[in-house]
Amino acid sequence: MPEQPVRLLGCRGPAVDANVEQMREIMKKYGFSEETMLDRLECFGGFAGHAAEMRKTITTKSVTTDGHG
């Protein structure tokens with residue numbers, strides 16, 4: 001219902017030919033972090049494979065021996 005202030009959280013899954021790389025570029029343009037992108041992909045069914053591929057390409061923060069990044 002339009003009068004409800006709740007965002008859409010449902011999804012039917014990705015299209016067979018989903019252009020995840022384009023999505024990534026657009027989200028980056030609007031300031032989304034790679035971790036947020038992964039969170040959004042992993043939140044909805046069917047995107048796990050896309051998220052796993054993306055996770056292979058992102059840089060992870062290195063953690064020093066004292067546990068601080």
Side-chain angles (χ1 to χ4, degrees):
M1 292 183 211
E3 68 274 3
Q4 299 298 320
V6 178
R7 63 187 167 149
L8 176 64
L9 293 176
C11 183
R12 294 182 182 161
V16 174
D17 58 349
N19 189 342
V20 176
E21 196 55 41
Q22 182 67 36
M23 178 215 66
R24 189 175 180 180
E25 289 177 29
I26 292 168
M27 290 181 80
K28 191 176 210 178
K29 175 182 170 184
Y30 287 97
F32 288 89
S33 70
E34 289 180 323
E35 195 56 43
T36 298
M37 291 181 219
L38 285 168
D39 180 59
R40 301 289 164 83
L41 285 173
E42 292 169 340
C43 179
F44 301 109
F47 285 96
H50 295 292
E53 286 301 311
M54 184 177 165
R55 195 171 289 285
K56 292 178 188 177
T57 66
I58 65 170
T59 334
T60 55
K61 283 178 128 179
S62 60
V63 177
T64 60
T65 55
D66 64 359
H68 296 93

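- In this structure, Ala52 has no side-chain contact (heavy atoms from CB on, under 4.5 Å) partners at least two apart in sequence or on a different chain.
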Would you list the atom pairs, donor with acceptor, under 3.5 Å between side chains in residues 24-32 and any protein atom, with sequence neighbours excluded?
unit_1: Arg24; atom_1: NH1; unit_2: Thr57; atom_2: OG1; d: 2.9
unit_1: Arg24; atom_1: NH2; unit_2: Glu34; atom_2: OE2; d: 3.1
unit_1: Arg24; atom_1: NH2; unit_2: Thr57; atom_2: OG1; d: 3.2

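- Checked against side-chain contact (heavy atoms from CB on, under 4.5 Å), Asn19 has the following partners two or more places apart in sequence or in another chain: Glu21, Gln22.
- Listed by chain and number, the residues in a side-chain hydrogen bond (donor to acceptor under 3.5 Å, both in side chains) with Lys56 are Glu53 (sequence neighbours excluded).
- Across all their heavy atoms, Leu38 and Ala51 have their closest contact at CD2-O, 3.4 Å.
- Looking at Glu42 and Arg55, their side chains come closer than 4.5 Å, going by heavy atoms from C-beta outward.
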